[in-house]
Structures are given as structure tokens and as C-alpha cells.
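In what follows, a structure is listed as C-alpha cells, so that the remarks can point back to it.
Values below: every heavy atom of this structure, side chains too, minus hydrogens, waters and symmetry copies. Just so we're on the same page: letters track the sequence lines, and every chain starts at 1.
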Amino acid sequence: ILRIEDTDIQRNIEGADAKLREDLRWLGITWDEGPGVGGPCAPYNQSERLDLYRAAERKLLESGRAYYAFDTAEELDAMRKEASAKKISFRYTRPARFPSDADAERARAEGRSVVVRFAVPDEPITVHDDILGDVTFGAGEVEDLVIVKSNGWPTYHFAVVVDDEQMRVTHVLRAQEHLMNTPKHVFMQRALGYRTPVYAHLPLVFNMDGTKMSKRDKHKVVRAAVKEKFKSKAWTKEEAALVALCELAVLERWLDKADTELDMAQVGRLAEAAGAVVPEIEVHDFRLSGYLPEALLNFVALIGWSPGGDREMLTLDEMIQAFSLDRINKTAGRFDREKLLAMNTDYCASVGPKRLLAAFKDWAAASGSPLASLDAATMARALEACKGMRTLRDVETKAGILFAPNEAVQYDPAAVKKVLEKNGGAGYAMLEKLLPEIGTVEPWTAAGVDALIKRFCDALGAGLGDVAQPLRVAVAGRPVSPAIGDTLELLGREKTLQRLKICIESRGAG
RNA sequence: GCCCCCAUCGUCUAGAGGCCUAGGACACCGGCUUUUCAUGUCGGCGACAGGGGUUCGAAUCCCCUUGGGGGUGCCA
């Protein structure tokens with residue numbers, strides 16, 4: 001079941017659930033009931049199920065298991081701050097007598113804020129968790145939580161309890177950060193006469209530094225880089241605001257950890273200018289970076305779970321087969337990007353050309369790569385020539401220049417020096433000797449090019465590297481490209497000859 | 001502060017009292033392959049947090065200490 005929990009109307013972002021569904025679709029994760037497919041418990045957006053929550057709220061209010069409260073958020077905030085200053089723990093004090101419906105009506109009429117709180121029974125509770133075992137909370141540990149906000153919308157805690165019952169949810173598997181919420185939910189289930197589903201709290205996913213991995217890390221990394229620029233006096237705040245295309249005051253709030261002040265486009269601009277790399281956090285980030293969904297899925301599944309033994313590479317179907325609650329760990333796991341990369345490398349090499357081509361097309365389109373416009377046959381050749389790639393993006397990095405116009409070639413000074421100018425310009429001399437020969441290759445294929453270079457080397461008594469490297473730098477501008485035969489085949493005869501001439505003519509130009 | 005959870009190589013993990021001289025993968029180090037990069041391949045380094053019990057026997061069970069994490073919202 002896919003259920004969209006969108007009860008925070010202030011923070012709902014337009015199109016967020018469409019993106020979420022697209023991420024799931026990309027990963028190959030489907031749902032039997034939910035948005036798009038319908039089901040017996042429709043609608044599946046909580047924002048469309050308000051009547052259900054209203055009815056449950058009524059029931060709780062009438063049975064004296066919930067009550068109205070009139071404190072404002074600001075008042076509560078002040079009380080919490082005061083308690084924290086005194087180093088005592090704050091817990092909401094339940095009124096001796098619960099306000100009536102009429103009291104609530106009056107308060108509303110006076111413009112005061114009205115919420116509904118659940119009256120948590122003053123007794124200890126033991127909840128069972130299928131991973132952690134029994135967890136006991138003492139009497140009075142659980143506070144009377146707000147279940148209906150002053151805007152009339154239910155809180156998450158209340159909505160899930162109602163929906164889980166109504167949707168016949170049997171298992172609640174969620175992150176361990178929800179463990180403390182479970183007694184609240186179970187108390188509410190009891191008060192409403194609901195069943196309690198099986199709970200299983202999954203270990204958290206950490207960054208390598210042991211902090212919880214979250215979307216905010218993107219802001220964190222860029223913020224640190226920007227502050228570093230201020231520190232070294234490389235930037236002023238005004239300049240940074242200019243880069244981000246925002247007002248100075250907005251930037252300052254963002255610097256003060258208000259993530260929502262800047263959007264990712266603005267953060268991206270700051271990152272680029274500051275030379276910071278925004279880490280991939282969300283599914284879509286990994287898609288844009290050139291990861292295969294099967295690799296991401298496999299990697300993530302292995303954080304906090306294992307099929308047992310030495311098995312590691314699994315398809316989604318195999319994971320489903322092997323899955324069992326009792327193989328889930330209690331310990332948080334770190335998100336090791338090196339291992340993900342290694343796994344992605346494995347998948348790129350093993351999925352087969354057809355699947356790899358499809359994945360590459362998806363990546364090129366999603367990321368806006370210039371290679372997206374190549375025909376399928378050329379893409380397949382490029383993929384083959386880039387065997388050993390770690391990510392799909394590596395193909396662009398390594399071979400992209402071969403599909404760009406000649407003017408795009410930029411000669412890397414270090415490479416020119418090392419490969420072309422060294423030994424009195426031996427590289428250039430080699431290119432001049434090669435120029436009249438290379439054009440004669442027929443047909444223009446990697447094998448043909450390789451054969452010619454081999455003959456050329458033999459005739460000169462030169463090593464393959466003495467010829468291939470100058471050639472590579474001449475056509476790609478850098479010492480990195482696919483194998484020389486593949487490089488020239490992908491470039492094409494005409495452009496190869498053009499770039500060779502351009503390179504030779506550029507000699508000494510600086 | 002209070003409540004709760006956790007603890008095997010640097011990282012993800014295997015391990016259900018004797019199969020453990022603790023296995024695999026990533027990373028790291030070294031060799032080989034290679035016309036560049038990346039692959040590939042062979043080998044090496046490397047852990048049961050500490051202390052008490054229980055037991056003939058403990059990485060596995062119990063307790064304490066220490067360390068890490070989560071929660072403490074009209075967020076989810």
C-alpha cells in the first residue's frame with residue numbers, strides 16, 4: 001500500500017508525491033493499492049481522508065479519552081524553554097476538568113487556538129517489536145500529545161493510527177527514530193478499540209561520520225563551504241547572495257541553519273562557486289549521478305539486513321524471496337559510498353548490453369547529458385568502449401568529447417607538455433608522421449585503426465604508447481579516453497583528421 | 001536533564017554455546033594484466049569495546065562500566 005502522509009499543509013511541496021512515485025517507479029518498486037492504482041481503502045492521500053479522522057476524534061472526545069487545549073504554540077514553546085533552562089523535563093499538564101465542546105466553541109470564537117490532545121493513560125506499557133523485542137515505558141513517560149492541530153488537521157500520530165486500522169495494515173516497519181512514538185500509537189489503538197499491528201523498527205542509516213543521513217546534509221555541506229570562503233576572505237556575504245540570486249537577509253537566515261530559505265537551485269549555485277560537492281542523498285540524486293537502480297536498491301537493502309552467509313548481489317526478486325524480519329539488524333549502518341560505487345561498477349559490467357543501454361538512455365535524458373541525442377547504435381558502441389565504468393556518467397566524462405564539436409577540445413597543458421612537447425617535441429613529430437597514414441584506414445573501425453597503428457609502430461620500432469598517447473591528446477585534449485581504436489572509431493575519420501591537423505598547427509601556440 | 005535503543009575488521013556484514021586459528025564484500029597496502037583512464041586478477045593488513053559472572057566450554061547467555069545513537073514538535 002502506498003499512502004501519502006500529507007497532513008502538514010504548511011510544508012507540503014507541490015509535486016512532491018509525484019516525484020516520490022517516480023523515484024519508486026525508477027527503482028522498480030510497485031504497490032498494489034494507492035495513488036494511481038486505487039484500491040478498496042481509497043483515497044490514499046491523508047489530505048483526502050479528513051472525515052475519518054474527524055469521526056475518530058469525536059469518539060475520543062466523547063469517551064473522555066481526549067480533550068481540548070487552548071495553549072498557543074508560542075506559549076508551549078516558552079514553557080519548554082523555561083523547563084530546559086531549569087534542567088527539568090517538561091511534560092504537558094493535563095487539566096483537572098476537560099473543557100466542553102461549548103468551551104472550545106467559545107475559545108474559537110474569541111480567536112484562540114484550539115487543539116485536541118489525547119489523554120494518555122497513566123500506566124506503564126510494554127510494546128512488542130519484532131526486531132528489538134519488548135520495550136517498556138514507565139507510567140507517565142508518555143505525554144498527552146496533540147492529535148488534532150488548531151487548523152483542524154490531524155497530526156501524523158493520529159492519522160496513521162486511524163488509517164492503519166481502516167486499511168487493515170498488519171505490519172508497521174519504520175525507522176528506529178519512531179520507536180518512542182509506538183506507545184502513543186498503541187495507547188490510541190486501545191482507546192479506539194483498534195487492533196495493534198506488528199511493529200518492527202528498522203536501524204537508522206548514518207553518514208560515514210555517524211550522524212543520521214538526511215536531506216539537510218546537502219545544505220550542511222554547502223553551508224560549511226560558503227563559511228569557509230568568508231573565513232578566508234575570498235567572498236563577502238553580498239557576493240554570496242549574488243551567486244545564490246537571493247537577498248542578503250535570506251542568505252543570512254540560511255547561513256543560520258534555516259534550510260528552507262534557499263532552494264536546491266540556489267544551493268547548487270553556491271556549491272559550484274565554492275567548489276563544494278553536494279552529496280547524493282535522495283534517490284533522484286543517485287539517478288542523476290549515473291547509478292543503476294538495481295545497484296542502489298541492492299546496496300541499501302544490505303544496510304541493516306543481510307540474506308545470510310556470503311550472499312551479496314541480489315535482484316529485487318531475490319531480495320523479496322530472501323527477506324525475513326528476523327534477519328534485520330538492530331544496529332545502525334553507515335552509508336558507505338565507496339561500496340555503493342563498487343557495487344554499481346559490478347552491475348554496470350554484469351547487467352548486459354541491452355539493459356545497460358536502457359539505463360544509459362534513462363540517465364542521459366534525466367541528467368540532460370549531450371549524449372542523449374546519440375542514436376542507439378552509437379550509444380551502444382560508446383558503452384562498449386567505456387567498459388569498466390563506475391557510473392553511467394563516466395561514459396560522458398570519458399568519451400563525451402568525441403561527440404562534441406572540434407572547438408570544444410581544450411588541450412590540457414600538463415598533457416601537452418608530457419605527451420607532445422617532451423623530448424624535443426617527439427609527440428608532435430609522431431603525429432606528423434602518422435597524419436598521412438591514418439586516413440588510409442579502411443573500413444574506419446577500431447580494429448582497422450589498431451591494425452594500422454600496430455604496423456606503424458613496428459615499422460618505426462616504436463612502442464604503442466609512443467603513438468597512442470600523442471594521438472589521444474591530439475583528438476581528446478587529455479590523456480584519458482577510451483582505447484585508441486575505439487576513440488578514433490567513435491570520433492570518425494573526418495574529425496580525427498581535422499583534430500590532428502588542428503593539434504599539429506597549435507604547436508608552440510602556448 | 002529525562003526516556004529509549006544499540007555495540008564483531010576503517011565500513012557493510014556472516015556468526016543462534018563447541019564447526020572460529022572468527023568467514024565474505026568494500027576500502028587500504030603490495031604484485032600481475034593493460035597504449036591512457038577505468039576495469040580485471042593474485043596476495044597481504046585488519047575486529048568479537050572493557051570488566052565481572054554462568055558453563056567442561058562464550059563473539060554467542062546474564063550483570064556492570066564505557067562508548068555511540070535516537071526521542072523529548074500544533075514535522076513526519
Handout entry: Pairwise side chain to side chain donor-acceptor pair (under 3.5 Å) hits with a residue in residues 202-212 of chain A, at least two apart
Key = A:Glu177-A:Lys212, A:Asn207-A:Thr211, A:Asn207-A:Asp217, A:Asp209-A:Thr211

Problem - Electrostatic pair A:Arg216:A:Asp259 at N-O distance under 4.0 angstrom - result: yes

Exercise for the section: Please list, chain by chain and in numerical order, all residues satisfying side chain to side chain contact (heavy atoms under 4.5 Å, CB included) with A:Ala462, sequence neighbours excluded. Expected result: A:Met430, A:Leu460, A:Asp466

List every contact pair, protein side and nucleotides 63-70 of chain B side both N or O, where the distance is under 3.5 Å.
none

Exercise for the section: Could you work out which one of B:C74, B:G10, B:A7 sits closest to the side chain of A:Ala73? Expected result: B:C74

Handout entry: Nearest-Å distance for atom pair CZ/P, residues A:Arg108 and B:C74
Key = 18 Å

Handout entry: Phosphate contact (B:C6 OP1 or OP2) by A:Lys330 side-chain N/O below 4.0 Å
Key = yes

Practice task
Kindly give the heavy-atom pair with the smallest separation between A:Ala468 and A:Ile484, and that separation in Å.
Solution key: O-CD1, 3.6 Å

Please produce a list of atom pairs where a protein N or O lies less than 3.5 Å from an N or O of nucleotides 34-40 of chain B.
{"residue": "B:U35", "atom": "O2", "partner": "A:Arg472", "partner atom": "NH2", "Å": "2.8"}
{"residue": "B:U36", "atom": "O4'", "partner": "A:Gln469", "partner atom": "OE1", "Å": "3.0"}
{"residue": "B:U36", "atom": "O4'", "partner": "A:Gln469", "partner atom": "NE2", "Å": "3.3"}
{"residue": "B:U36", "atom": "O2'", "partner": "A:Pro479", "partner atom": "O", "Å": "2.8"}
{"residue": "B:U36", "atom": "N1", "partner": "A:Arg472", "partner atom": "NH2", "Å": "3.4"}
{"residue": "B:U36", "atom": "O2", "partner": "A:Pro479", "partner atom": "O", "Å": "3.2"}
{"residue": "B:U36", "atom": "O2", "partner": "A:Ser481", "partner atom": "N", "Å": "3.1"}
{"residue": "B:U36", "atom": "O2", "partner": "A:Ser481", "partner atom": "O", "Å": "3.1"}
{"residue": "B:U36", "atom": "N3", "partner": "A:Arg472", "partner atom": "NH1", "Å": "3.3"}
{"residue": "B:U36", "atom": "N3", "partner": "A:Ser481", "partner atom": "O", "Å": "2.7"}
{"residue": "B:U36", "atom": "O4", "partner": "A:Ala483", "partner atom": "N", "Å": "3.0"}
{"residue": "B:C37", "atom": "O2", "partner": "A:Lys398", "partner atom": "NZ", "Å": "2.6"}
{"residue": "B:C37", "atom": "N3", "partner": "A:Lys398", "partner atom": "NZ", "Å": "3.0"}
{"residue": "B:A38", "atom": "O2'", "partner": "A:Gly388", "partner atom": "O", "Å": "2.5"}
{"residue": "B:U39", "atom": "OP1", "partner": "A:Arg390", "partner atom": "NE", "Å": "3.2"}
{"residue": "B:U39", "atom": "OP1", "partner": "A:Arg390", "partner atom": "NH1", "Å": "3.0"}

Problem - Closest non-hydrogen atom pair between A:Ala159 and A:Gln46, with its separation - result: CB-NE2, 3.5 Å

Practice task
Give every residue pair that meets the side chain to side chain donor-acceptor pair (under 3.5 Å) criterion with at least one member in residues 297-312 of chain A, sequence neighbours excluded.
Solution key: A:Asn298-A:Tyr347, A:Glu312-A:Lys339

Handout entry: Partner nucleotide, any strand, of B:C37 [Watson-Crick/G-U, under 3.5 Å]
Key = none

Problem - d(CG, A:Asp6; P, B:C74) in whole Å - result: 19 Å

Practice task
Find the partner of B:U54: check Watson-Crick (N1-N3 plus N6-O4 or O6-N4) and G-U wobble (N1-O2, O6-N3) distances, both under 3.5 Å, and reply none if neither fits.
Solution key: none

Exercise for the section: Please name all residues satisfying side chain to side chain contact (heavy atoms under 4.5 Å, CB included) with A:Ala16, sequence neighbours left out, ordered by chain then number. Expected result: A:Ile13

Exercise for the section: For A:Gln321, enumerate each residue passing the side chain to side chain contact (heavy atoms under 4.5 Å, CB included) test, keeping only those at least two apart in sequence or located in another chain. Expected result: none

Problem - A:Thr155 (side chain) and B:C74 (base): donor-acceptor pair under 3.5 Å - result: no

Exercise for the section: Please report, rounded to the nearest Å, how far the P atom of B:G71 is from the OH atom of A:Tyr199. Expected result: 18 Å

Practice task
Tell me, please, which residues at least two apart from A:Asp130 pass salt bridge (charged side-chain N to carboxylate O under 4.0 Å, His left out).
Solution key: none

Problem - Rounded interatomic separation in angstrom, taking CZ from A:Phe335 and C1' from B:A27 - result: 16 Å

Handout entry: Any donor-acceptor N/O pair, A:Arg334 side chain to A:Met208 backbone, under 3.5 Å
Key = yes

Exercise for the section: Would you kindly compare A:Pro203 and A:Ser89 by the position of their nearest RNA chain B nucleotide and give the one closer to the 5′ end? Expected result: A:Ser89

Handout entry: Pairing partner of B:A7 (Watson-Crick or G-U wobble, both distances under 3.5 Å)
Key = B:U66

Problem - Opposite nucleotide pairing with B:G43, Watson-Crick or G-U, both atom distances under 3.5 Å - result: B:C29

Practice task
Report the distance from atom CZ of A:Arg337 to atom C1' of B:U11, rounded to the nearest whole Å.
Solution key: 13 Å

Exercise for the section: Using atom CD1 of A:Ile147 as one end and atom P of B:C75 as the other, report the distance to the nearest whole Å. Expected result: 14 Å

Exercise for the section: Take atom CG of A:Asn329 and atom P of B:C48, then tell me their distance rounded to the nearest Å. Expected result: 19 Å

Handout entry: Assigned partner base of B:C75, Watson-Crick or wobble definition, under 3.5 Å
Key = none

Problem - Proximity to RNA chain B (any heavy atom under 4.0 Å), residues of residues 301-314 of chain A only - result: A:Leu302, A:Ile303, A:Gly304, A:Ser306, A:Gly309, A:Asp310, A:Glu312

Completion exercise
Sorted by chain and number, sequence neighbours left out, salt bridge (charged side-chain N to carboxylate O under 4.0 Å, His left out) with A:Lys19 holds for none

Exercise for the section: Kindly say if A:Arg11 contacts the phosphate of B:G73, meaning a side-chain N or O under 4.0 Å from OP1 or OP2. Expected result: no

Handout entry: Residue-phosphate contact under 4.0 Å: A:Arg216 side-chain N/O, B:C75 OP1/OP2
Key = no

Handout entry: Between B:G73 (P) and A:Asp8 (CG): distance, integer Å
Key = 16 Å

Problem - B:G1 OP1/OP2 closer than 4.0 Å to side-chain N/O of A:Ser84 - result: no

Problem - Rounded P spacing from B:A7 to B:G15 in Å - result: 14 Å

Practice task
Could you pull out all residues at least two apart from A:Tyr92 that satisfy ring-ring contact (aromatic ring centres under 6.0 Å, His included)?
Solution key: none

Problem - With A:Lys87 via side chain to side chain contact (heavy atoms under 4.5 Å, CB included) - residues at least two apart - result: none

